[in-house]
Amino acid sequence: MAWQSPISPGKSWYEATVPGRPSYPAMDGSRQTTVAIIGGGFTGLQAALNLARHGIDVTLIEAHRFGDGASGRNGGQIGTGQRWWPEEAEAELGLERSRALFAMSENAKRHLLDFARNHAIDIDFMPGHLAVSHKPSYESDFRENARILAERYDYPHVRFMEREETVERTGSSFYHFGSRDAGTGHIHPMKLVVGLARVAAASGAALFEQTPATDIRTVEGKVIITTPKGTITAEKALLACNGHIGPLERTTARHVMPIRSFIGATRVLHDHPEIIPGGESVADSRFVVRYFRKSKDGRLLFGGREAYTADNPSDMDGPIRRQIAELYPALANIEIDYAWGGSVGITMSRRPYVKEVMPNVMSVGGYSGHGVMLSNYCGKLYADMVAGKANELEMLKDMKIPAFPGGPAFRPLLLFVALSWYALRDRF
Ligand SMILES: Cc1cc2nc3c(=O)[nH]c(=O)nc-3n(C[C@H](O)[C@H](O)[C@H](O)COP(=O)(O)OP(=O)(O)OC[C@H]3O[C@@H](n4cnc5c(N)ncnc54)[C@H](O)[C@@H]3O)c2cc1C
């Protein structure tokens, strides 16, 4: 039987279809290293790989298996830009910084695709993305966005779609209009995790699975990390734990919170060629976004229902099937072969969290549902920064990220109320 993540519910279609997912040993004993990394998702693995390439001694520990966090269980949509639309960033940060952030995300996109190509990692890349609107009142925003991206961001790949084209491209009459982005696409994230770990190990990074960090502190300028069977003593450390940080480090936990998102994979839909005939990924305009796409083998991978507590739901299929049926009534009784959840690390401002949280300890995460390309790139940027190369990570470090108010017990409740409000607003 394929491995199933112990930190998130359900076995994913990705876990079931990734060929040859190797296990890495648990750390047994104590180690000295130059850089210690906690967390084996995209951020941590890319950082480990690139540090090793810079000739820097690096040790990475993962509490479970690589990709068991968000990196191996997500929607696989690469997207374009940051989590927010550039025109929103312009209002707050000015045109120049907004353009720099957009350019950074284009670099991230290139980095991910080049990385997979250069290492012959087959990530099932499929091109194209559709953004679709569930409200008629967003029309001018959609039209403006395509124009602004072309004129101010040198990104001519987004084109407004009228309702007729939107219906044709999604195979659903639910959405009012949308836009098509020909400059991005979607991937099988677990294939990327497995390939990434292989390349990192081959580059000389010391990689350990099943090794949770139970404590981190700095003593006389050194970072000391405790694990069940030994300690790591390092010059520097990277916390790449994202929404799974838990009680390990409080400052990160105050700024990056987990929300649960669920995905279902239907049976193969050879009998429904009308559904997304162009093979693009799709994301809608809801605050609690619905995101879906066809897999390479012809299933509908549909994500959407979010939950704001850590509890695992008893029924994952039912709510996903109901959401699918809203868009595709012909699939009202469709078989869901796989259903799974994962924790999305979000911040208050929905901007990535990049901060020094203790002397020589950097925390990087909280990509707020937009981390497939950004987490890979930020991991690499962290490594470049340690190697003495100034880079775009500085831009994110400088950004103000407010903490979620309240203590550890109150924060999840507050988030539940706030996000339930947004979910309600999506309906009207
Ligand atoms: C259901 C879902 C759908 C998503 N869809 C998309 C999408 O379509 N497009 C997109 O861009 N983004 C999406 N995301 C977000 C994206 O997956 C993340 O932003 C990205 O994977 C973050 O990578 P990471 O390495 O920072 O964190 P993670 O992949 O979450 O990795 C953190 C790791 O740290 C480990 N860890 C935590 N604490 C410890 C400890 N004490 N000791 C050792 N290890 C520890 C965890 O076990 C985990 O493996 C989605 C996320 C989810 C959950």
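Note that ligands are numbered from 1 as they come in the structure, with each ligand's atoms numbered from 1 the same way. If you're wondering where the values come from, they're calculated on a predicted model, not measured in any experiment.
Considering both main-chain and side-chain atoms, Asp68 never comes within under 3.5 Å of ligand 1 through any nitrogen or oxygen pair. Between Val344 and ligand 1, no N or O atom pair is found at a separation short of 3.5 Å. At least one N or O atom of Ala63, backbone or side chain, sits closer than 3.5 Å to an N or O atom of ligand 1. At least one N or O atom of Glu62, backbone or side chain, sits closer than 3.5 Å to an N or O atom of ligand 1. For Gly369, a nitrogen or oxygen atom sits less than 3.5 Å from a nitrogen or oxygen atom of ligand 1, counting backbone and side chain alike. The N/O atoms of Ser261, backbone and side chain alike, include none that comes under 3.5 Å of an N/O atom in ligand 1. Checked by distance only, ligand 1 and Arg73 stay at 3.5 Å or farther apart across all their nitrogen or oxygen atoms. Below 3.5 Å of separation, one finds no N or O of Gly342 facing any N or O of ligand 1. Looking at ligand 1, you won't find any N or O of Val364 less than 3.5 Å from one of its N or O atoms. At least one N or O atom of Gly75, backbone or side chain, sits closer than 3.5 Å to an N or O atom of ligand 1.
For Thr347 (side chain) and Arg350 (main-chain N/O), a donor-acceptor pair under 3.5 Å exists by modelled atom type. Side-chain N or O atoms of Ser71 include none that pairs as donor or acceptor with a backbone N or O of Gly67 at under 3.5 Å.
Heavy-atom proximity to atom 32 (C) of ligand 1, evaluated over Ala240, Gly41, Gly69, Gly39, is greatest for Ala240. Of all the listed residues (Asn74, Ile38, Ile61, Ile263), Asn74 holds the heavy atom that lies closest to atom 50 (C) of ligand 1. The heavy atom nearest to atom 1 (C) of ligand 1, out of those in Tyr291, Phe66, Phe262, is found in Tyr291. Closest heavy-atom approach to atom 38 (N) of ligand 1 among the candidates Arg293, His244, Met373: His244.
Nearest protein heavy-atom contact of atom 18 (C) of ligand 1 is Ala70 CB, 3.9 Å. At the shortest separation from atom 41 (N) of ligand 1 among protein heavy atoms lies Ala213 O, 3.0 Å. If you check which protein heavy atom lies closest to atom 24 (P) of ligand 1, you get Thr43 OG1, 3.4 Å. The nearest heavy-atom contact from the protein to atom 19 (O) of ligand 1 is Gly371 CA, 3.1 Å. The nearest protein atom to atom 27 (O) of ligand 1, hydrogens excluded, is given as Asn242 CB, 3.2 Å; this is a heavy-atom distance. Counting only heavy atoms of the protein, atom 9 (N) of ligand 1 lies nearest to Gln77 O, 2.8 Å. Looking from atom 20 (C) of ligand 1 to the surrounding protein, the closest heavy atom is Ser375 OG, 3.8 Å. Nearest to atom 21 (O) of ligand 1 among the protein's heavy atoms is Ser71 OG, 3.0 Å.
Listed by chain and residue number, nothing satisfies the side chain to side chain donor-acceptor pair (under 3.5 Å) test with Thr170 (two or more places apart in sequence, or in another chain).
Ligand-side atoms of ligand 1 in range of Val372: 9 (N), 10 (C), 11 (O), 12 (N), range being under 4.0 angstrom from any heavy atom. For ligand 1 and Phe42, the ligand atoms under 4.0 Å from any heavy atom of the residue are 21 (O), 25 (O). Here is the list of ligand 1 atoms found below 4.0 Å of a heavy atom in His64: 47 (O). Within the listing of ligand 1, atoms 53 (C) sit less than 4.0 angstrom from a heavy atom of Ser343.
Looking only at side-chain heavy atoms (C-beta outward), Leu331 and Ile275 come within less than 4.5 Å of each other. Residues Thr252 and Cys241 are not in side-chain contact: their nearest non-hydrogen atoms beyond the backbone lie 4.5 Å or more apart. Considering only heavy atoms from C-beta on, Phe208 stays 4.5 Å or farther from Asp28 through its side chain.
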Practice task
Any chance you could lay out the side chain to side chain donor-acceptor pair (under 3.5 Å) test for His188 and Thr17, step after step, and finish with the verdict?
Solution key: CA-CA 9 Å; His188 185 307; Thr17 55; 2.9 Å; yes
Problem - From CA spacing to verdict: side-chain contact (heavy atoms from CB on, under 4.5 Å), Asp337, Glu335 - result: CA-CA 6 Å; Asp337 285 351; Glu335 297 91 320; 4.1 Å; yes
Practice task
Check the pair Ser98 / Tyr153 against side chain to side chain donor-acceptor pair (under 3.5 Å), numbers first and verdict last.
Solution key: CA-CA 9 Å; Ser98 178; Tyr153 291 83; 2.7 Å; yes
Practice task
Report the C-alpha separation of Val18 and Val193 in whole Å, then their side-chain angles, then the decisive distance to 0.1 Å, and conclude whether the side-chain contact (heavy atoms from CB on, under 4.5 Å) test is met.
Solution key: CA-CA 10 Å; Val18 69; Val193 168; over 6 Å; no
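Residues Glu235 and Asn360 have side chains that never bring a donor and an acceptor to within less than 3.5 angstrom of each other. With 3.5 Å as the limit, one finds a donor-acceptor pair spanning the side chains of Glu392 and Tyr377.
Contact between Pro212 and ligand 1 is present, with at least one heavy atom of the residue lying under 4.0 Å from the ligand. Residue Leu248 places a heavy atom under 4.0 Å from ligand 1. Put simply, no part of Gly303 is less than 4.0 Å from ligand 1, judged by heavy atoms.
For the atom pair CG of Leu300 and CZ of Phe292, the computed distance is 7.5 Å after rounding to the nearest 0.5 Å.
A salt bridge is absent between Glu165 and Arg180; no separation between the charged side-chain nitrogens and carboxylate oxygens falls under 4.0 Å. Between Arg73 and Glu15, at least one side-chain nitrogen of the basic residue sits less than 4.0 Å from a carboxylate oxygen of the acidic one, meeting the salt-bridge criterion.
In this structure, Tyr138 and Phe142 have parallel ring planes: the angle between them is below the 30° cut-off, well short of the 60° mark. In this pair, Tyr14 and Trp340 present their aromatic rings perpendicular. The plane angle is above 60°, beyond the 30 to 60° band.
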